[in-house]
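Take a look at the structure set out below.
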There are 2 protein chains.
Amino acid sequence: MDILKDLGELAIGSRLRRLSDQMMNDVKAIYKNFGIDFNPKWFPVFYTLVKHEKLAIMELSEQLNITHPAVIKLAKELQKEGYIDSEKDTEDRRKRYLKLSEKGRALLPELELAWKDMAKGGYDLLQNKQNNLLHAIQEVEYALREKSFFHHIKEARIERMLKAIKIVDYDPKYADEFKKINYNWIEKYFKVEQADIEALDGHQEKILNKGGYIYFAMYENEIAGTCALIKYSDERYELAKMGVKDKFKGIQIGKKLGLTVIAKVRALGGKVLFLESNKSLKPALNLYTRLGFKEIPMIGGSVSDYERADIKMEIRF
Amino acid sequence: MDILKDLGELAIGSRLRRLSDQMMNDVKAIYKNFGIDFNPKWFPVFYTLVKHEKLAIMELSEQLNITHPAVIKLAKELQKEGYIDSEKDTEDRRKRYLKLSEKGRALLPELELAWKDMAKGGYDLLQNKQNNLLHAIQEVEYALREKSFFHHIKEARIERMLKAIKIVDYDPKYADEFKKINYNWIEKYFKVEQADIEALDGHQEKILNKGGYIYFAMYENEIAGTCALIKYSDERYELAKMGVKDKFKGIQIGKKLGLTVIAKVRALGGKVLFLESNKSLKPALNLYTRLGFKEIPMIGGSVSDYERADIKMEIRF
DNA sequence: ATTATTTACGTTACTAGTTACATAATAATA
DNA sequence: TATTATTATGTAACTAGTAACGTAAATAAT
């Protein structure tokens, strides 16, 4: 019975570790069986020094993808065994070069035979399989360089949550959430202005009664975010009061709300959808740009009702 | 630059470990990012308890393929966090059952969502590759159950050494080796008898001059083993004085020597090749059987020259 | 020329497991 | 029934690495 096996992707880390431990142990036993006084953990450092004559601690650390304290520890053990020597760099007095000693070089022929056997044994073990472990690792390592496991998981989460997000129309029972979410971000980054109070506390009169809309993003039974569409005329609309709760940040709820508003304006036959914002709100501005908004000059025409507004954007239909 | 990559089978253990560490670290970061107070190393124990209600330490250890001290440590931490409870078995007072606590069960829905995301993220990472890592591990784990890595390597070594073993004819310069190898095993397992001294010290007269042969197995420039073919008549031959040096044991040098002797008897037109041995020498008797020798009764006919002889075998041509 | 930053190496404390051993309870056996 | 073996759990010491921090030397910036 092996639970890890049945857990698939969830336990991949543990299984890799288990397999690694098992194989390393066998290699340890092999050196002993062959009568060679050599610890398999020394192999990477030792082998690299065979190939490179002399190398500094950091150079080894980089080549082997292990931390420098690990290199230092291994070097200490190898020096204790007498397999390597170390010498100071003459130019850079911080640097210390490691190289094989006489004794190390004397051990080499014997080691090389053992390595040959291990390579052959490993080859026999890994060959003739449907999926080659070595190549599989290669491919995964490569894929991880493109996008980390962390990133993969985050994307899976975003996808899952986004799929569960539903945009719903205004309902008086959500009125408090509309106010709370907006007061929250306004107080966090700026200060509440008169126009905010009018639009939020007076949203029925100032937004809805004037032919505007308020939308909510629902995740299961919880409000995750909101935004308003304010009507100025049959041609002219404003996207405003968009906010997303902290715990739902980063899963593109804003995008979903924005697309809803844009679709609505299009359906209403509007000609312009504009918005006002502040240049310090980088993620928001990125979103607006991705939604298709273009920056337009603030000066000339109407001046904003909001002190914090220092950028204006619009979409023309 | 990544040396491990270029080392193929030789560094497979280190690479597995490195990949494992990397993925485990990412999982750690994911729990943190999701705001869940959960350490990935708890996962196997926790998950198994989700599936099994209650389990004893040893039961977990067996299911997860980790040692019981590891289970105890994990259980301690999980108990400290309050995620599991433990209770004594009423019948067997040694046993202690672990089970999820209230708090553990309360955490479960949140964890399950995270696990879902991890499984999906892992799936996306591992899918659409030429070689599927999960399947590759599966296959290797399976193959290792049939024959361990240790065994694979040993076989590679045996194959390599056996290929390099050459059987050579008698030469006076090897006379001492013939004596030494044989006195060694005789003294180790039995005691030297008069007949031994005659056959070994007097091999020229007693074996070679009577139409017999002495063969040596050479590994590079070293004698690895030896055996003699004694002639009694044109029909009747004896295989005797077979010995292999300790450091060459286990690579089937005896088989190679035996086959040489059998071929020689066949070429000489002999009718019987017999040998005498001792029942305690199990590996030798196995070899003789594999070479085609059959046991024959000791009583009747000639009595052996050797006290230690308690079994007689022969091949008839 | 002085100061700040980076690099190279070293040390300490931690992590997640292992092996080896100890102890008590239970089961098997003479 | 007394003794022996086995099982379940626990503890201590070790392993092979990491992260975090410190120090000195070298390099870059002001």
Side-chain angles (χ1 to χ4, degrees), chain A residues 4 11 13-29 31-32 38-46 54-80 86-98, chain B residues 4 11 13-29 31-32 38-46 54-80 86-98:
Chain A
L4 289 192
S14 301
R15 268 177 96 189
L16 286 168
R17 174 71 186 266
R18 201 171 67 181
L19 189 53
S20 159
D21 285 350
Q22 199 177 337
M23 298 188 78
M24 303 274 247
N25 264 334
D26 273 22
V27 172
K28 206 172 201 169
Y31 281 117
K32 200 173 170 188
F38 195 80
N39 191 324
K41 73 176 163 173
W42 299 334
F43 173 75
V45 166
F46 193 95
K54 70 176 189 179
L55 286 169
I57 305 288
M58 284 309 293
E59 288 165 354
L60 277 162
S61 161
E62 274 153 31
Q63 293 230 357
L64 298 172
N65 271 309
I66 56 175
T67 58
H68 79 272
V71 174
I72 291 172
K73 274 186 193 168
L74 294 171
K76 261 183 191 160
E77 292 181 34
L78 280 162
Q79 262 183 298
K80 200 172 159 196
S86 95
E87 62 182 30
K88 282 266 169 198
D89 188 319
T90 45
E91 316 239 293
D92 186 336
R93 284 175 301 157
R94 293 169 305 178
K95 263 186 172 171
R96 190 183 129 210
Y97 286 109
L98 303 179
Chain B
L4 289 192
S14 301
R15 271 176 94 188
L16 286 168
R17 175 70 186 266
R18 199 172 67 182
L19 189 54
S20 158
D21 285 351
Q22 198 178 337
M23 298 189 78
M24 302 275 248
N25 265 333
D26 272 22
V27 172
K28 206 172 201 167
Y31 281 117
K32 199 172 173 188
F38 196 80
N39 190 325
K41 74 174 163 175
W42 299 335
F43 172 75
V45 166
F46 194 95
K54 71 177 187 178
L55 286 169
I57 304 287
M58 283 309 293
E59 289 165 354
L60 277 163
S61 161
E62 275 153 31
Q63 294 231 356
L64 298 172
N65 270 308
I66 57 175
T67 57
H68 79 273
V71 174
I72 291 172
K73 275 186 192 168
L74 294 171
K76 261 184 189 157
E77 291 181 35
L78 280 161
Q79 262 182 298
K80 199 173 159 195
S86 96
E87 61 181 31
K88 282 268 171 197
D89 187 317
T90 46
E91 316 239 294
D92 186 337
R93 283 176 302 157
R94 292 168 305 179
K95 262 187 173 172
R96 191 184 129 209
Y97 286 110
L98 303 179

At less than 4.0 Å, is any side-chain N or O atom of B/R96 found next to OP1 or OP2 of D/dG10? Yes or no. yes

Identify which nucleotide among C/dA16, D/dT11, D/dA26 has an atom closest to any side-chain atom of B/K28, counting heavy atoms from C-beta outward. C/dA16

Out of C/dG10, D/dA16, C/dA25, minimum distance to the side chain of A/K41 belongs to D/dA16

Atom CH2 of A/W42 and atom C1' of D/dT15 are separated, to the nearest Å, by 13 Å

Here's a test for you: under side-chain contact (heavy atoms from CB on, under 4.5 Å), which of B/L74, B/I72, B/I66, B/L98 qualifies with B/L60? B/L98

Once rounded to the nearest 0.5 Å, what's the spacing between atom OG of A/S61 and atom CE of A/M58? 4.5 Å

Among D/dT18, C/dT26, D/dT9, which nucleotide sits nearest the side chain of A/I66? D/dT18

For A/L60 and D/dG17, what is the distance between atoms CG and P respectively, to the nearest whole Å? 14 Å

Candidate nucleotides C/dA13, C/dG10, C/dG17, ranked by approach to the side chain of A/I72 - the nearest: C/dG10

Of the candidates C/dT26, D/dA26, D/dA13, the side chain of B/K73 sits closest to D/dA13

Per nearest nucleotide of DNA chain D, the residue lying toward the 5' end, B/D92 or B/R17, is B/D92

I need the CD-P distance between B/E77 and C/dA16, as an integer number of Å. 7 Å

A/K88 side chain near D/dA25 phosphate (N/O to OP1/OP2, under 4.0 Å): no

Using the test side-chain contact (heavy atoms from CB on, under 4.5 Å), find all partners of A/P40 that sit at least two apart in sequence or belong to another chain. A/V27, A/K28, A/Y31

Toward the 5' end of DNA chain D, which comes first, A/E91 or A/P69, by nearest nucleotide? A/P69

Choose from D/dA12, C/dT26, C/dA8 the nucleotide whose nearest atom is closest to any side-chain atom of A/R94. C/dA8

So which one's nearest nucleotide on DNA chain C is more toward 5', A/N25 or B/N39? B/N39

Quick check for you: among D/dT9, D/dG17, D/dT7, whose closest atom lies nearest to any side-chain atom of B/M58? D/dT9

How would you list, by chain and number, every residue that makes a side-chain contact (heavy atoms from CB on, under 4.5 Å) with A/D89, sequence neighbours excluded? A/E91, A/D92, A/K95, A/Y97

Whole angstroms only, please: what is the CD-P distance between B/Q63 and D/dA8? 14 Å

B/K32 NZ: over 12 foreign heavy atoms closer than 6.0 Å: no

For A/D89 and C/dA8, what is the distance between atoms CG and P respectively, to the nearest whole Å? 11 Å

Length of the line joining B/R93:CZ and D/dA8:C1', which is rounded to integer Å: 13 Å

If I take atom CD in residue A/Q22 and atom C1' in nucleotide D/dA16, what distance separates them, rounded to the nearest angstrom? 18 Å

Using whole Å, report how far NE2 of A/H68 lies from P of D/dT23. 14 Å

